[in-house]
Each structure stands twice: as C-alpha cells, then as structure tokens.
Amino acid sequence: MTADDSYGRLDDDDYPAYTMGRAAEILGTTQGFLRAIGEARLITPLRSAGGHRRYSRYQLRIAARARELVDHGTPIEAACRIVILEDQLAEAQRFNAAHHGSTVRDQDVA
C-alpha cells in the first residue's frame, strides 16, 4: 500500500482508525464503557495485528448515542438495544426510500 492509498481511508466511515484509548477520549467516556457496549454486542471493534481494539467513525457515532442514553439514566443493556433498533429502523427507511424511488421511476417510464 502506498501513502496515497492510505489517505483514501480517511473518508471511510468503516475504517478502524481509532484505538480504544483514543475512542474513549473522543467520546468522553471510559475504556470500560467501550468494553461494556462490546459485550452487549452493540459494536464489535476490529483487532489490530497485535490484538488491540480498533474503532471506526461509524462505531464511535453508535457508541456516542449509547452513551447519551446511559447519561440520561437508561441501563446500558437497554441503551444498546435502543441503539440497535434505531439503526435497524434507519436502514429500513433507507431501503424503503430507495425501493419507492425505483417504483416511481418505473411508473414514469410506462
């Protein structure tokens, strides 16, 4: 990989660029919180060659939403479930919008 190739990853929301320590710092939380949401299967960090957890920007956004719920008194397990359901709903809405858009275009052609 060349240096030019690696710069393209800076825009990739799924690229695991952040260490656990840096992710916790960005979120203003503890590494224990990140471990807990991992154990609750909200996010599954990738592992470096040395076995260290690495987080993507997408995972940090998900973790931030869970932290927001926990900070407002929601138990961590419930917060993780809420975030999972919110993410599934958003995906279904994107799918429906894409499907509806193709159906409308098909009707316009006929």
Side-chain angles (χ1 to χ4, degrees):
M1 174 188 309
T2 66
D4 290 336
D5 293 337
S6 64
Y7 290 127
R9 292 182 173 177
L10 295 175
D11 293 329
D12 184 354
D13 266 0
D14 295 319
Y15 181 69
Y18 302 96
T19 63
M20 177 180 267
R22 182 67 179 128
E25 181 182 320
I26 289 168
L27 295 171
T29 192
T30 65
Q31 293 181 13
F33 175 80
L34 291 173
R35 283 188 202 93
I37 62 174
E39 290 170 10
R41 299 183 194 261
L42 177 61
I43 57 175
T44 303
L46 293 176
R47 298 284 182 150
S48 69
H52 300 281
R53 291 174 179 90
R54 299 280 189 231
Y55 297 88
S56 69
R57 289 188 308 192
Y58 171 75
Q59 290 173 322
L60 293 184
R61 284 195 300 274
I62 295 292
R65 175 65 180 131
R67 181 168 185 258
E68 178 184 347
L69 291 168
V70 169
D71 286 350
H72 285 95
T74 306
I76 196 162
E77 296 82 13
C80 290
R81 185 68 183 138
I82 289 167
V83 173
I84 289 168
L85 291 171
E86 288 174 342
D87 197 48
Q88 289 172 343
L89 176 60
E91 179 64 25
Q93 289 172 329
R94 285 189 295 273
F95 176 81
N96 286 340
H99 177 71
H100 180 70
S102 66
T103 303
V104 170
R105 285 191 296 272
D106 293 343
Q107 290 173 355
D108 291 341
V109 172

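Any value given below was found using the heavy atoms of this structure, including those in side chains, with hydrogens, waters and symmetry copies removed.
In this structure Asp71 satisfies the salt bridge (charged side-chain N to carboxylate O under 4.0 Å, His left out) test together with Arg67, sequence neighbours excluded. Looking at residues two or more places apart in sequence or on another chain, you find no side-chain hydrogen bond (donor to acceptor under 3.5 Å, both in side chains) involving Glu77. Applying the side-chain hydrogen bond (donor to acceptor under 3.5 Å, both in side chains) rule to Glu39 yields no partners; only residues at least two apart in sequence or on another chain are considered. With sequence neighbours left out, Glu91 forms a side-chain hydrogen bond (donor to acceptor under 3.5 Å, both in side chains) with Arg94.
The distance from atom CD1 of Ile37 to atom CD of Gln59, rounded to the nearest 0.5 Å, is 8.5 Å. The distance from the CG atom of Leu42 to the CD1 atom of Ile82 is 11.0 Å, given to the nearest 0.5 Å.
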Only distances under 3.5 Å count here; give the side-chain donor-acceptor pairs of residues 22-33 to other protein atoms, sequence neighbours excluded, each with its distance to 0.1 Å.
{"residue": "Arg22", "atom": "NH1", "partner": "Glu25", "partner atom": "OE2", "Å": "2.8"}
{"residue": "Thr30", "atom": "OG1", "partner": "Gly32", "partner atom": "N", "Å": "3.4"}
{"residue": "Thr30", "atom": "OG1", "partner": "Phe33", "partner atom": "N", "Å": "3.0"}

* Asked: Between Asp13 and Arg61, does a salt bridge (charged side-chain N to carboxylate O under 4.0 Å, His left out) hold up when you go through it step by step?
  -> CA-CA 10 Å; Asp13 266 0; Arg61 284 195 300 274; 2.7 Å; yes
* Can you check side chain to side chain contact (heavy atoms under 4.5 Å, CB included) on Thr19 and Arg54, steps first, answer last? -> CA-CA 5 Å; Thr19 63; Arg54 299 280 189 231; 2.4 Å; yes
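In the hydrophobic clustering of this structure, Ile76 groups with Met20; members are Ile, Leu, Val, Met, Phe, Trp, Tyr whose side-chain heavy atoms approach within less than 4.5 Å, directly or through other members.
Summarising the hydrophobic clusters (Ile, Leu, Val, Met, Phe, Trp, Tyr; side-chain heavy atoms under 4.5 Å, direct or chained), the residues clustered with Leu85 are none.
Here the closest heavy-atom approach between residue Ala40 and residue Cys80 is recorded as CB-SG, 3.7 Å.
A donor-acceptor pair under 3.5 Å links the side-chain atoms of Ser48 to the main chain of His52, judged by distance alone.
If you run side-chain contact (heavy atoms from CB on, under 4.5 Å) between Val83 and each of Thr74, Ile62, Ile43, only Ile62 comes through.
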